[in-house]
Protein chains: 2
Amino acid sequence: MILNPKTDKPELMTIREMCEAFDVTPRTLRFYEQKELLFPIRQGTKRNFTRRDRARLKLILRGKRFGFSLEDIRQLLDMYDREPGQQEAQLKRTYQLAQERLAVMEQQRDELNEAIAELRAQMAWGEDMLASFRRSGAA
Amino acid sequence: MILNPKTDKPELMTIREMCEAFDVTPRTLRFYEQKELLFPIRQGTKRNFTRRDRARLKLILRGKRFGFSLEDIRQLLDMYDREPGQQEAQLKRTYQLAQERLAVMEQQRDELNEAIAELRAQMAWGEDMLASFRRSGAA
DNA sequence: CGTTACGTTTACGTTAACGTCACCCGCTCT
DNA sequence: AGAGCGGGTGACGTTAACGTAAACGTAACG
């Protein structure tokens, strides 16, 4: 295992090491490779994940927390890979996507809040019913 | 079409009428029947939806807004159908389910809020980048 | 040499809630 | 009689993100 002289961390990691480091299953990493989200170096049949793969995976997982689909994430990641020459255009595109996502998320949150309020109201009603049961002695 | 003397609304409704009244597709209603959520009267092969079906459908759609699965909803609906004799137990069960759902929904909302905040921070960063692009004259 | 551990590939299974398609039936208008 | 309309019944398709199982390789341990 080759270590980085600065960090003493392995330059290349096996699938197991990746799984433990990022708390994902091997299946997930193979799946991401198949979907062209990761590009581990293949030594024969085995995978060696590089720093680049780790950086990408970190972004992938963050993207998922944001609710981006894997396909969205792949496109964003790819943009940053192409020989950067239109940095600004890329950044704008990313920013726009983020804005759209943000709008969706905020709407979801609002709907969720509405549903929560409605459900709370129903539950208050149910509580009254239960209280009346108790008063009527149906223990 | 038989009308209710009080409301002048049809006692029985066709699948089309139901679709318009509740903004769902025929497929959805057939699907709900198959899943034993609705029990329209079958005249030969055609469906006649009763007041009871409409009441159930209303609850089904509300339940969906709350994030309940159709299976959850079916169980709740069924509880209210069985010869009511343990009203209190049923109500308690419903109340408990509602509490669990509420907890899930609130957690989802909180996570969403966190993700929104994180995404906002990233976007502020991106905005700075864009601004610096503009200052550097890369129009 | 057997087994254990870790890795691989291929390919089908899962889940929810319908959408879609092909084909059939009966009524009504013209 | 033909043409629509409205409804009906299977049954397969869709989507995302993996899970799972089968069958194989290979390297080290004892």
Side-chain angles (χ1 to χ4, degrees), chain A residues 1 10 12-50 53 56-77 101 104-105 108 111 115, chain B residues 1 10 12-50 53 56-77 101 104-105 108 111 115:
Chain A
M1 184 189 293
L12 299 179
M13 289 172 62
T14 70
I15 199 168
R16 260 317 135 199
E17 289 165 340
M18 288 290 283
C19 290
E20 282 168 24
F22 291 93
D23 193 31
V24 296
T25 68
R27 180 70 178 92
T28 299
L29 296 178
R30 299 195 190 104
F31 181 74
Y32 286 173
E33 182 188 10
Q34 188 189 331
K35 288 276 169 174
E36 302 192 296
L37 287 158
L38 298 178
F39 308 94
I41 300 168
R42 304 299 289 262
Q43 280 190 353
T45 176
K46 303 193 175 167
R47 292 165 175 85
N48 290 307
F49 293 88
T50 67
D53 289 316
R56 290 176 73 96
L57 182 51
K58 200 170 167 184
L59 289 174
I60 293 167
L61 297 179
R62 172 181 293 172
K64 289 198 60 180
R65 286 206 310 281
F66 290 163
F68 286 96
S69 72
L70 290 185
E71 177 55 20
D72 282 347
I73 295 170
R74 193 187 60 75
Q75 290 182 25
L76 289 176
L77 249 35
R101 263 274 94 206
V104 170
M105 287 166 71
Q108 280 183 5
E111 283 174 12
Chain B
M1 187 189 290
L12 298 178
M13 288 171 64
T14 71
I15 199 168
R16 262 314 136 198
E17 290 166 340
M18 288 291 282
C19 290
E20 284 168 24
F22 291 93
D23 192 32
V24 295
T25 69
R27 181 69 178 91
T28 299
L29 294 179
R30 298 196 191 103
F31 181 75
Y32 288 172
E33 181 187 9
Q34 188 189 329
K35 289 276 168 173
E36 302 192 299
L37 287 159
L38 298 177
F39 308 95
I41 300 168
R42 303 298 290 262
Q43 280 190 355
T45 175
K46 305 196 175 166
R47 292 165 175 84
N48 291 306
F49 293 87
T50 66
D53 289 314
R56 290 177 74 99
L57 182 51
K58 200 170 167 184
L59 289 174
I60 291 166
L61 297 179
R62 171 180 293 172
K64 288 198 62 180
R65 284 207 310 282
F66 291 162
F68 286 96
S69 71
L70 289 184
E71 177 55 22
D72 282 347
I73 295 170
R74 193 187 60 75
Q75 289 181 27
L76 288 176
L77 249 36
R101 263 275 94 206
V104 170
M105 289 165 70
Q108 278 183 7
E111 283 175 11

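Just so it is clear, the model here is predicted, and its values are computed rather than measured. To find a chain, count down the sequence lines: A is the first, B the second, and so on, and within it residues start at 1.
- With a 4.5 Å cut-off on side-chain heavy atoms, Lys46(B) and Thr14(B) do not count as touching.
- In this structure, the side chains of Pro26(A) and Met18(A) stay at 4.5 Å or more apart for every pair of heavy atoms.
- For Arg16(A), a side-chain nitrogen or oxygen approaches OP1 or OP2 of dG7(C) to under 4.0 Å.
- Here the range on DNA chain D touched by chain A, meaning any atom under 4.0 Å from one of its heavy atoms, is dA17(D) to dT20(D).
- Counting only heavy atoms from C-beta outward, the side chains of Thr50(A) and Phe39(A) never approach each other to under 4.5 Å.
- In this structure, Ile60(A) and Leu38(A) have side chains that are in contact, with non-hydrogen atoms separated by less than 4.5 Å.
- Contacts between residues 28-48 of chain B and DNA chain D, defined by a heavy-atom separation under 4.0 Å, are made by Arg30(B), Arg42(B), Thr45(B), Lys46(B), Arg47(B).
- Proximity of Phe49(A) to Leu29(A): side-chain heavy atoms (C-beta onward) are separated by under 4.5 Å at one or more points.
- Counting heavy atoms from C-beta on, the side chains of Tyr32(B) and Val24(B) never come closer than 4.5 Å.
- Counting heavy atoms from C-beta on, the side chains of Leu61(A) and Leu57(A) come closer than 4.5 Å.
- Residues meeting the salt bridge (charged side-chain N to carboxylate O under 4.0 Å, His left out) test with Glu71(A), sequence neighbours left out: Arg74(A).
- One can place CD1 of Ile15(A) at 18 Å from P of dA5(C), the figure rounded to the nearest angstrom.
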